[in-house]
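Any value given below was found using the heavy atoms of this structure, including those in side chains, with hydrogens, waters and symmetry copies removed. Residues: numbered from 1 along the sequence shown.
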Amino acid sequence: MRLTQPLPSFLASSLAHEQPQCLLRGTSPVASGMNFFLELWKTKGRIMSMIAAYYKNKSILITGATGFMGKVLMEKLLRTSPDLKVIYILMRPKAGQTLPQRMLQILSSKLFEKVKEVCPNMHEKIRPIYADLGQSDLAISKEDMQELLSCTNIIFHCAATVRFDEPLRHAVQLNVTATQQLLLMASQMPKLEVFVHISTAFSNCNLKHIDEVIYPCQVEPKKIIDSMQWLDDAIVDEITPKLIGDRPNTYTYTKALGEVVVQQESENLNIAIIRPSIVGATWQEPFPVSPAPGPQAGLHVDLLLAQTSSCPSSFSSHEMLDKGVLLAGVSLGWVDNLNGPSGLIIAAGKGLLRSVKAAPMAVADLIPVDTVVNLTLAVGWYTAVHRPQSTLIYHCTSGNLNPCNWGKMGLQIMASFEKIPYEKPFRRPNADFTTNTFTNQYWKAVSHWAPAIMYDLYLQLTGRKPRFTKLMNRLSKTLSMLEYFVNHSWEWSTSNTDMLMLELSPEDQRVFNFDIRQLNWLDYIENYVLGIKKYLLKEDMSGIPKARQQLKKLRNIHYFFNTALFLITWRLLIARSQMARNVWLFIVSFCYKFLSYFRASSTLKA
Ligand SMILES: CCCCCCCCCCCCCCCCCCCCCCCC(=O)SCCNC(=O)CCNC(=O)[C@H](O)C(C)(C)COP(=O)(O)OP(=O)(O)OC[C@H]1O[C@@H](n2cnc3c(N)ncnc32)[C@H](O)[C@@H]1OP(=O)(O)O
Ligand SMILES: NC(=O)C1=CN([C@@H]2O[C@H](COP(=O)(O)OP(=O)(O)OC[C@H]3O[C@@H](n4cnc5c(N)ncnc54)[C@H](OP(=O)(O)O)[C@@H]3O)[C@@H](O)[C@H]2O)C=CC1
């Protein structure tokens with residue numbers, strides 16, 4: 001039986017408790033006697049979220065909760081289901097911080113500000129557990145393992161290495177072996193209701209059209225895992241290109257292997273796989289902007305400024321930015337790492353990145369992180385309550401429902417820099433896409449390397465430490481890793497995701513919105529650029545007028561430099577070439593004749 005009406009929390013949670021403890025597929029979770037309550041609920045007509053209610057009193061295990069997606073997942077869970085029992089976080093100490101210190105830092109970040117209002121005791125709901133997914137047994141202590149095995153109801157497996165240049169051995173350990181270990185743990189959890197595995201839409205990027213199915217790998221994952229035990233590093237490096245075949249990197253390859261492992265180990269488990277495309281900054285949550293009526297609709301950044309109470313509403317956004325208005329309390333486009341487009345947007349905004357080899361018409365399949373998280377929570381609920389017969393794969397992509405190409409996205413990124421300039425730019429932002437390899441190499445030499453070398457020379461001459469050639473090296477490496485994804489297009493079918501949307505009650509469709517058709521790309525990109533400035537670069541909005549002045553100065557320098565370069569080149573040419581002299585004489589005499597004609601005709605008219 002499919003539930004299409006919202007259930008009251010007591011009913012939803014009692015239904016969840018009614019479920020068989022072990023995860024056998026195909027069994028209906030709804031006891032027939034519950035129909036009475038269902039009818040009662042329908043007649044009362046009260047609205048509440050079935051998904052949020054499902055997570056009540058649940059013990060949830062999350063891997064990768066310290067990562068970009070994991071943090072947003074944890075935030076949304078705590079905000080919408082503050083009465084969940086506990087969230088176990090499998091994590092490792094990092095940068096000299098212990099587990100509690102790391103967790104405290106995350107929970108006291110801006111992202112969790114809203115949670116504090118609804119769940120003041122959120123610290124008590126989080127239980128960090130030491131684990132290193134890089135070790136074969138995950139390094140979980142016996143006591144912790146005991147607690148996890150006996151208490152966990154739901155698993156969200158987000159942890160992975162997302163580096164494209166990861167050595168195969170490490171990528172296999174993190175993305176394949178650790179997944180296998182977790183599945184083994186899951187099979188020993190009597191109270192487990194669902195295991196949600198986060199993969200990537202690019203796990204099969206060697207195909208053009210990708211369905212919501214698991215594609216077999218040429219070499220069995222188990223064989224790969226075994227061979228990593230005894231092959232030495234040199235041999236692993238040698239066979240890596242052969243194994244990854246027509247995939248661009250070890251990341252996509254090992255994520256594909258991870259999916260096959262999930263399929264093979266999923267016999268008695270209730271599992272779902274989510275495949276997001278390129279995950280970008282948040283779109284609607286946790287810092288929403290209320291919808292703007294009338295002609296302002298859609299202008300989120302402008303609206304954001306108009307909502308800042310300290311400003312007279314008659315000011316335009318530019319006026320308000322000029323007045324140094326702080327976007328206090330209202331924030332959009334939350335992002336906290338340089339992965340995906342974020343690093344390149346910074347490089348373009350700072351004027352370092354000028355040329356990207358890309359196909360402007362290729363689909364830019366970006367998906368906001370809050371959309372991915374909403375789908376993930378909806379999938380967790382659906383899989384636990386409806387227990388599909390087979391493992392369902394959900395594509396979380398934008399291309400087929402609301403496509404935007406790289407050309408349009410690039411233009412909007414560049415336009416956003418006019419409104420929201422970044423501080424201390426190296427040069428005026430002026431990036432472009434090129435389709436031709438030769439042209440791209442030319443622009444890289446002229447616009448990336450030459451200015452960086454010249455600037456470093458200047459820094460050295462003035463007794464400072466050169467740094468731009470090093471930065472360019474890093475940028476070149478990043479570009480070479482990411483360019484594959486901006487030069488190809490893929491089609492992902494989304495039948496399961498579409499089906500799930502229809503299964504959601506209107507309230508759940510609102511609270512756990514993953515309908516990407518509602519996204520306005522122009523607003524989203526502008527908010528993304530703004531979010532990068534605020535959360536990644538940690539720049540103050542009050543510095544915007546100064547940053548604009550700086551851009552004007554750089555623009556003037558650019559014009560001056562170009563004019564000077566032209567005149568010098570021309571002067572040198574005239575000095576050395578008869579042809580250049582002839583051209584010059586022709587231009588001068590043409591201008592003289594034109595002016596004489598113009599003067600004569602205006603004298604006649606007078
Ligand atoms: C018509 C008008 C046109 C106008 C053009 C406008 C252009 C504007 C911008 C264009 C945007 C184009 C966007 C293209 C984006 C395509 C993205 C495709 C992504 C596909 C996603 C697949 C989906 C997934 O499933 S996985 C998630 C994505 N994963 C990643 O993105 C990881 C990529 N990163 C890596 O693999 C590595 O970090 C690597 C190889 C890039 C760099 O490795 P390296 O060892 O050199 O550095 P690190 O140790 O990682 O870091 C050192 C240093 O660099 C900083 N850094 C890290 N990453 C980046 C980055 N992406 N960009 C810039 N800087 C980066 C890092 O913070 C460190 O800094 P420190 O100061 O030293 O700490
Ligand atoms: N970002 C994207 O564009 C996309 C991501 N995905 C998938 O989404 C998931 C989350 O990605 P995202 O949040 O962006 O990635 P992040 O790199 O931000 O986070 C990765 C997480 O994995 C954890 N992790 C890595 N190595 C270990 C380890 N040895 N032991 C314990 N934990 C470890 C990290 O912990 P720590 O903080 O300690 O490093 C971190 O919490 C991944 O499965 C990824 O494949 C899919 C499509 C696109």
Side-chain angles (χ1 to χ4, degrees), residues 22-23 59-67 69-70 73 87-94 99 127-163 166-200 203 214 217 219-231 236 250-251 253-274 376 380 383 391:
C22 207
L23 285 173
S59 300
I60 303 158
L61 167 62
I62 304 183
T63 70
T66 51
M69 203 184 292
L73 176 67
I87 302 183
Y88 297 114
I89 307 284
L90 291 197
M91 62 187 282
R92 54 186 175 170
K94 214 176 188 183
L99 301 197
R127 169 119 153 69
I129 287 189
Y130 176 85
D132 183 358
L133 272 55
Q135 293 189 35
S136 51
D137 59 352
L138 309 187
I140 302 174
S141 75
K142 255 190 185 162
E143 300 74 46
D144 287 340
M145 183 64 91
Q146 207 48 53
E147 183 174 345
L148 289 176
L149 294 185
S150 56
C151 302
T152 306
N153 302 118
I154 299 152
I155 298 179
F156 292 111
H157 177 33
C158 301
T161 169
V162 302
R163 292 183 66 98
E166 198 71 81
L168 186 64
R169 185 192 299 285
H170 196 233
V172 167
Q173 172 58 40
L174 269 251
N175 299 347
V176 194
T177 317
T179 302
Q180 194 187 41
Q181 287 292 119
L182 268 168
L183 287 160
L184 188 70
M185 275 171 67
S187 67
Q188 297 164 41
M189 293 176 173
K191 291 187 184 162
L192 191 75
E193 293 167 21
V194 57
F195 184 113
V196 181
H197 173 73
I198 309 293
S199 185
T200 163
S203 54
I214 294 171
C217 289
V219 183
E220 273 289 293
K222 279 181 188 150
K223 282 192 186 152
I224 304 278
I225 294 172
D226 287 347
S227 64
M228 293 299 138
Q229 315 285 326
W230 53 271
L231 287 177
V236 173
T250 52
Y251 169 69
Y253 174 63
T254 52
K255 288 298 275 189
L257 289 177
E259 287 183 5
V260 176
V261 163
V262 170
Q263 188 184 40
Q264 289 172 347
E265 311 282 331
S266 67
E267 217 170 287
N268 289 318
L269 292 170
N270 209 19
I271 301 193
I273 296 178
I274 316 243
T376 304
T383 315
T391 299

Worked check of side chain to side chain contact (heavy atoms under 4.5 Å, CB included) between T383 and V196: CA-CA 9 Å; T383 315; V196 181; 5.5 Å; no
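Residues meeting the side chain to side chain donor-acceptor pair (under 3.5 Å) test with S203, sequence neighbours left out: E259. Contacts of R92 classified as salt bridge (charged side-chain N to carboxylate O under 4.0 Å, His left out), with partners at least two apart in sequence or in another chain: none. The side chain to side chain donor-acceptor pair (under 3.5 Å) check on T177 picks up nothing, with sequence neighbours excluded. Looking at residues two or more places apart in sequence or on another chain, you find no side chain to side chain donor-acceptor pair (under 3.5 Å) involving Q188. Residues satisfying the side-chain contact (heavy atoms from CB on, under 4.5 Å) test with K142, not counting sequence neighbours, are none. With sequence neighbours left out, D144 forms a salt bridge (charged side-chain N to carboxylate O under 4.0 Å, His left out) with R127. Listed by chain and residue number, nothing satisfies the salt bridge (charged side-chain N to carboxylate O under 4.0 Å, His left out) test with K94 (two or more places apart in sequence, or in another chain). Take Q146 and apply the side chain to side chain donor-acceptor pair (under 3.5 Å) test, not counting sequence neighbours, and it matches no residue. Here T66 pairs with M91, R102, I106 under the side-chain contact (heavy atoms from CB on, under 4.5 Å) rule; sequence neighbours left out. With sequence neighbours left out, Y253 forms a ring pair (Phe, Tyr, Trp, His ring centres under 6.0 Å) with no residue at all.
Sorted by first then second residue, the ring pair (Phe, Tyr, Trp, His ring centres under 6.0 Å) pairs that include residues 131-163, not counting sequence neighbours, are H157-H197.
When atom types are taken as modelled, the side chain of N175 and the backbone of T161 share a donor-acceptor pair closer than 3.5 angstrom. Looking only at distances, a side-chain donor or acceptor of K255 sits under 3.5 Å from a matching main-chain atom of I198. Distance alone, capped at 3.5 Å, is enough to place a donor-acceptor pair between the T63 side chain and the C158 backbone.
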For residues 180-187, which side-chain N or O atoms pair as donor and acceptor with protein atoms under 3.5 Å away, sequence neighbours left out?
| from | atom 1 | to | atom 2 | distance (Å) |
| --- | --- | --- | --- | --- |
| Q181 | NE2 | S136 | O | 3.3 |
| S187 | OG | L184 | O | 2.6 |

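Residues L99 and Y130 share a closest heavy-atom pair of CD1-N, 3.4 Å. Across every non-hydrogen atom of V219 and K223, the tightest pair is CG1-CB, 4.1 Å.
In this structure the side chain of M228 reaches within 4.5 angstrom of the side chain of V236, judged on heavy atoms.
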